[in-house]
Student: 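The following block contains the structure, expressed as structure tokens.
Naming: A, B, ... by sequence-line order, numbering from 1 per chain. Bear in mind the structure is a predicted one, so any value in this text is a computation, not a measurement.
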Protein chains: 2
Amino acid sequence: MPIASSLARALVAAAAFVLSLGAFAQTDPLPSWNDGPAKKAIVDFVNATTTQGNPGFVAPEERIATFDQDGTLWVEQPIYAQLVYCLDRVPALVKAKPELAKVEPFKTVMSGNREAIAKLPMQDLEKLVAATLTGMSVEDFRAEVKKWLSASRDPRWKRPYTDLTYQPMQELLKYLRASGYKTYIVTGGGQDFVRVYAEQTYGIPPEQVVGSAGATKFGYDKSGRPVLTKVPKLLLDDDHAGKPEGIHLMIGRRPYAAVGNSIGDQQMLEYTKAGEGLRLAMIVLHDDAKREYAYGPAHGLPNSRVGTFTQALYDEAGKGGWIVISMKDDWKRIFAFEP
Amino acid sequence: MPIASSLARALVAAAAFVLSLGAFAQTDPLPSWNDGPAKKAIVDFVNATTTQGNPGFVAPEERIATFDQDGTLWVEQPIYAQLVYCLDRVPALVKAKPELAKVEPFKTVMSGNREAIAKLPMQDLEKLVAATLTGMSVEDFRAEVKKWLSASRDPRWKRPYTDLTYQPMQELLKYLRASGYKTYIVTGGGQDFVRVYAEQTYGIPPEQVVGSAGATKFGYDKSGRPVLTKVPKLLLDDDHAGKPEGIHLMIGRRPYAAVGNSIGDQQMLEYTKAGEGLRLAMIVLHDDAKREYAYGPAHGLPNSRVGTFTQALYDEAGKGGWIVISMKDDWKRIFAFEP
């Protein structure tokens with residue numbers, strides 16, 4: 001071994017030792033979590049799966065953690081951000097194709113009648129999604145979403161949607177990554193949509209975002225340049241059973257930890273817990289009407305389109321050994337922008 | 001900053017400095033490559049894209065390199081390893097379902113008549129693939145492939161297929177990774193098949209293998225345990241235009257470097273080169289009948305099922321600024337097992 005290399009090795013070893021001392025003295029990795037069963041479950045899981053010799057130890061390359069997005073990493077009420085994007089895109093669409101103004105669901109969206117918009121049937125929403133999310137190159141789509149994200153504000157806090165991520169979850173993502181876990185988003189939302197902001201917002205790169213995915217079509221533009229165009233063909237419906245299926249397609253390994261908040265996450269949590277060894281499954285219970293929203297068991301919100309947390313899911317958590325995260329009790333602080 | 005932490009930082013900085021000195025003195029990262037235009041193109045590309053201040057500099061998170069597998073990372077002649085696997089699975093299949101013995105293509109495969117097997121039409125091969133690669137859990141499939149890989153030997157070198165990887169490509173993969181690139185396989189072969197051995201064979205984890213992918217179906221076994229079953233439905237035909245489409249689906253970023261060897265790689269190479277900044281596109285020319293095989297322009301092999309390198313592709317390389325890797329001239333050594 002060359003001298004430079006062995007000197008460097010000795011220095012690295014010394015640094016690692018000092019860092020490990022530092023880790024002992026280090027501050028709480030989850031400062032926005034109250035002490036309680038949820039926080040304890042997380043810390044115990046991380047300690048067990050990352051301590052060599054522990055029966056729960058997991059090899060670094062196997063450390064996969066998957067997170068639902070809407071309602072798990074950020075606010076999903078009163079309406080999913082991506083659906084707001086689709087609605088906001090309609091005027092430009094109608095301007096480009098004026099004949100759409102007379103056709104449903106574009107007519108209703110253009111009317112601005114919120115009650116009527118909220119009542120649009122699912123097939124109309126699908127038409128809306130197809131019309132606003134496809135027919136352009138992947139680069140043009142990315143640029144449009146970026147522009148929208150920087151300009152739009154949510155109706156309650158009047159902040160960019162990307163500010164509405166839960167601080168405790170940001171800490172959990174960082175804690176898991178610092179413990180050698182690869183963190184993934186596994187969302188029913190659009191894969192291309194979430195990829196636009198996931199890296200900056202969560203530190204999760206595009207290749208670690210699994211979501212409902214439409215197809216693209218490879219071709220050439222007028223100048224002969226290769227281009228990928230988004231087309232209205234669904235490749236992966238990444239919700240319910242589609243979540244474990246999407247995890248297999250995109251990751252090819254079973255997660256050791258999974259976090260969700262609605263019936264669309266049930267199969268992902270079941271699949272995660274069914275693996276050998278120690279696995280962590282968690283669901284966020286929105287029971288904090290004051291600081292965020294309260295819905296799910298013993299609550300209720302008018303908009304039934306948004307993440308459903310049923311009593312049956314709550315019962316499932318008890319049977320399956322999933323940890324319920326109570327927003328009200330387990331989270332000291334909800335958002336980074338709040339003191 | 002706590003004292004332990006700042007001391008550690010100083011040590012890490014010192015170690016990094018000493019390591020960078022070591023890098024200057026380090027041995028050739030590509031010892032199995034002869035000096036020549038291909039090796040020079042690689043080293044120049046890596047230096048430019050990883051040197052801060054260089055106009056070609058690429059941010060670490062954007063460093064994506066994609067490699068075709070069959071004929072690019074390992075031998076594809078005289079027949080793809082995965083097709084051998086499918087053929088080898090037929091007797092077990094017929095034993096489980098004796099009625100198949102009278103049905104094509106199983107009848108021909110069971111006859112052992114190599115000439116007749118080689119002439120099976122594409123739709124028969126598809127039937128064979130569907131029958132041998134689906135209908136079991138993802139775990140059972142993985143176990144079957146593992147067993148087969150350790151037992152089977154290629155017809156020429158009498159070695160496990162996983163020994164038939166090209167040593168120069170192994171060095172290129174390592175060199176790129178050491179330079180901050182994430183290396184991916186993007187193969188027309190089966191994603192689940194390649195994932196079984198890619199980590200051990202190439203240091204490429206399952207989540208970085210993009211391939212032709214069948215669907216899975218989430219369900220529960222008799223004991224109520226969640227299970228993913230492989231089903232005969234193609235989700236991604238990862239060849240030709242399917243390669244850039246698959247890259248967008250699975251990675252969501254355009255590669256900076258791509259390597260292939262056949263017409264099935266053309267669109268991936270075009271898509272890679274069409275990106276802004278410095279991009280590297282390379283194709284392997286099999287022109288070494290003695291040490292491996294010679295096929296492609298001015299050559300010819302009887303089995304037309306295997307990776308096609310046409311004169312048109314060769315011309316495309318010239319026009320597109322792709323680097324042609326001549327196996328004969330550019331590679332000092334082909335396999336790790338050869339001296």
Side-chain angles (χ1 to χ4, degrees), chain A residues 2-5 7-26 61 64 138 182 184 191-192 195 199 205-209 213 215-220 225-228 235-236 240-245 247-254 267 270-271 273-274, chain B residues 2-5 7-26 61 64 138 182 184 191-192 195 199 205-209 213 215-220 225-228 235-236 240-245 247-254 267 270-271 273-274:
Chain A
I3 290 169
S5 167
L7 176 54
R9 281 212 181 191
L11 284 168
V12 167
F17 177 66
V18 176
L19 276 172
S20 74
L21 290 179
F24 261 94
Q26 95 190 347
E61 67 273 16
I64 301 286
V138 297
K182 249 187 184 172
Y184 281 81
Q191 183 168 283
D192 279 350
R195 279 173 168 176
E199 190 151 37
E207 61 268 28
Q208 286 165 224
V209 174
T216 57
K217 196 169 163 45
F218 179 86
Y220 304 89
R225 225 178 123 87
V227 63
L228 284 175
L235 284 183
L236 176 62
H240 302 276
K243 288 208 173 191
E245 291 163 5
I247 287 170
H248 180 73
L249 176 69
M250 306 280 291
I251 312 177
R253 307 193 199 253
R254 193 194 298 255
Q267 290 82 353
E270 288 173 347
Y271 180 63
K273 279 299 265 189
Chain B
I3 292 171
S5 168
L7 175 54
R9 281 211 183 192
L11 285 168
V12 167
F17 178 67
V18 176
L19 276 173
S20 73
L21 291 179
F24 262 93
Q26 98 189 342
E61 67 273 16
I64 302 286
V138 297
K182 248 187 184 173
Y184 281 82
Q191 182 168 284
D192 279 350
R195 279 173 168 177
E199 191 151 36
E207 60 269 27
Q208 286 165 226
V209 174
T216 57
K217 195 170 163 42
F218 179 86
Y220 304 89
R225 226 177 123 87
V227 63
L228 284 174
L235 284 184
L236 175 61
H240 302 276
K243 287 207 174 189
E245 292 164 4
I247 287 170
H248 180 73
L249 176 69
M250 306 281 291
I251 311 177
R253 306 193 201 252
R254 193 195 296 254
Q267 290 83 353
E270 288 172 349
Y271 179 63
K273 278 299 264 190

Student: Is there a side-chain contact (heavy atoms from CB on, under 4.5 Å) between B/Glu207 and A/Tyr184? Walk through the geometry before answering.
Tutor: CA-CA 11 Å; B/Glu207 60 269 27; A/Tyr184 281 81; 3.4 Å; yes
Student: Which region of A/Lys182, side chain (C-beta onward) or backbone (N, CA, C, O), has a non-hydrogen atom less than 4.5 Å from a non-hydrogen atom of chain B, or is it both or neither?
Tutor: side chain
Student: Is A/Glu270 in contact with chain B via its backbone, its side chain, both, or neither, using a 4.5 Å heavy-atom distance?
Tutor: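 Both parts, backbone and side chain.
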Student: Could you look at A/Ile251 and say if it's the side chain, the backbone, both or neither that has a heavy atom under 4.5 Å from chain B?
Tutor: both
Student: Compare every heavy atom of B/Met250 with every heavy atom of A/Met250, then report the nearest pair and how far apart it is.
Tutor: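 Distance-wise, the nearest heavy atoms are SD-SD, 3.4 Å.
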Student: Which distance, rounded to the nearest 0.5 Å, do you find between the CG of A/Leu249 and the CD of B/Gln191?
Tutor: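 If I round to the nearest 0.5 Å, the distance is 5.5 Å.
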Student: Which atom names give the shortest non-hydrogen contact between B/Ala274 and A/Pro226, and what distance separates them?
Tutor: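 Closest pair (atom of B/Ala274, atom of A/Pro226, distance): CB-CD, 3.6 Å.
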Student: Counting N and O atoms only, with roles assigned by atom type, does the side chain of A/Glu61 sit under 3.5 Å from a partner on the main chain of B/Pro205, one being a donor and the other an acceptor?
Tutor: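 Answer holds: no.
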Student: Most heavy-atom pairs under 4.5 angstrom with chain A, which of B/Thr216, B/Val209, B/Leu236, B/Val227?
Tutor: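 Result: the option with the highest number of such pairs is B/Thr216.
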Student: Please look at B/Gln267 and chain A and tell me whether the side chain, the backbone, both or neither of the residue comes under 4.5 angstrom of a heavy atom of that chain.
Tutor: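 For B/Gln267, heavy atoms of backbone and side chain both lie under 4.5 Å from chain A.
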Student: Counting heavy-atom pairs closer than 4.5 Å to chain B, which one of A/Ala213, A/Ala215, A/Ala241 comes out on top?
Tutor: A/Ala241
Student: So, taking the atom named CG in B/Leu228 and the one named CZ in A/Arg254, what distance separates them when rounded to the nearest 0.5 Å?
Tutor: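 Reported value, rounded in 0.5 Å steps: 7.5 Å.
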Student: Can you name the side-chain hydrogen bond (donor to acceptor under 3.5 Å, both in side chains) partners of B/Glu199, sequence neighbours left out?
Tutor: A/Arg253
